[in-house]
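This report refers to the structure that appears directly beneath it.
All residue numbers refer to positions in the sequence shown, counting from 1.
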Amino acid sequence: ESTRITGSLVRQNDRECKISSHDSSSSIGSQHIVNIGKFIEDVETEMRKEMDSLYIQKTKNVVDMIRKDTMKPTQGQEHTRVLNEAVLAMAMNRTTKLSGK
């Protein structure tokens, strides 16, 4: 049996950027392209951060659900500690990968 998790994310954003009017028209076009590129990168970074926090929350929910279904009274705090460490390690690993890009 497998679990499928899907979703969609739609964002609308705007930004006003200054362009030097002293430059030639081709330079103005280049400045415009640079501004668009920076804007896209900023929006992508923000969306990735939001998706990571959603991913971590969903993982926690799944772990909690599994814990409730399978946890025996004798497992107790040690089992909880091991699961919490695993979720934290995964979150730290994803954060490290994002900051390395």
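Looking at residues two or more places apart in sequence or on another chain, you find no side chain to side chain donor-acceptor pair (under 3.5 Å) involving Gln12. In terms of the side chain to side chain donor-acceptor pair (under 3.5 Å) criterion, residue partners of Glu50 (sequence neighbours excluded) are, by chain and number, Arg11. With sequence neighbours excluded, the residues satisfying side chain to side chain donor-acceptor pair (under 3.5 Å) with Asp42 are Arg15. Remark: Leu88 engages Met92 in a side chain to side chain contact (heavy atoms under 4.5 Å, CB included) (not counting sequence neighbours). Shown here are the salt bridge (Lys or Arg N to Asp or Glu O under 4.0 Å) partners of Glu16, two or more places apart in sequence or in another chain: there are none. Applying the side chain to side chain donor-acceptor pair (under 3.5 Å) rule to Asn13 yields no partners; only residues at least two apart in sequence or on another chain are considered. Partners of Glu41 under the salt bridge (Lys or Arg N to Asp or Glu O under 4.0 Å) rule, at least two apart in sequence or in another chain, do not exist in this structure. Residues passing the salt bridge (Lys or Arg N to Asp or Glu O under 4.0 Å) test with Lys38, sequence neighbours excluded: none. Considering only residues two or more places apart in sequence or on other chains, Thr45 meets the side chain to side chain contact (heavy atoms under 4.5 Å, CB included) condition with Lys49.
Think of Val82 as one node in a network of Ile, Leu, Val, Met, Phe, Trp and Tyr side chains linked at under 4.5 Å; it has no links at all.
The heavy-atom pair separating Asn35 from Lys18 by the smallest distance is ND2-O, 4.0 Å.
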Do Lys60 and Asp64 pass the side-chain contact (heavy atoms from CB on, under 4.5 Å) test, and can you show the C-alpha distance, the side-chain angles, and the key distance before you say yes or no? CA-CA 6 Å; Lys60 181 185 179 306; Asp64 287 344; 2.9 Å; yes
Walk me through it: do Met47 and Val43 pass the test side-chain contact (heavy atoms from CB on, under 4.5 Å)? CA-CA 6 Å; Met47 288 176 72; Val43 170; 3.9 Å; yes
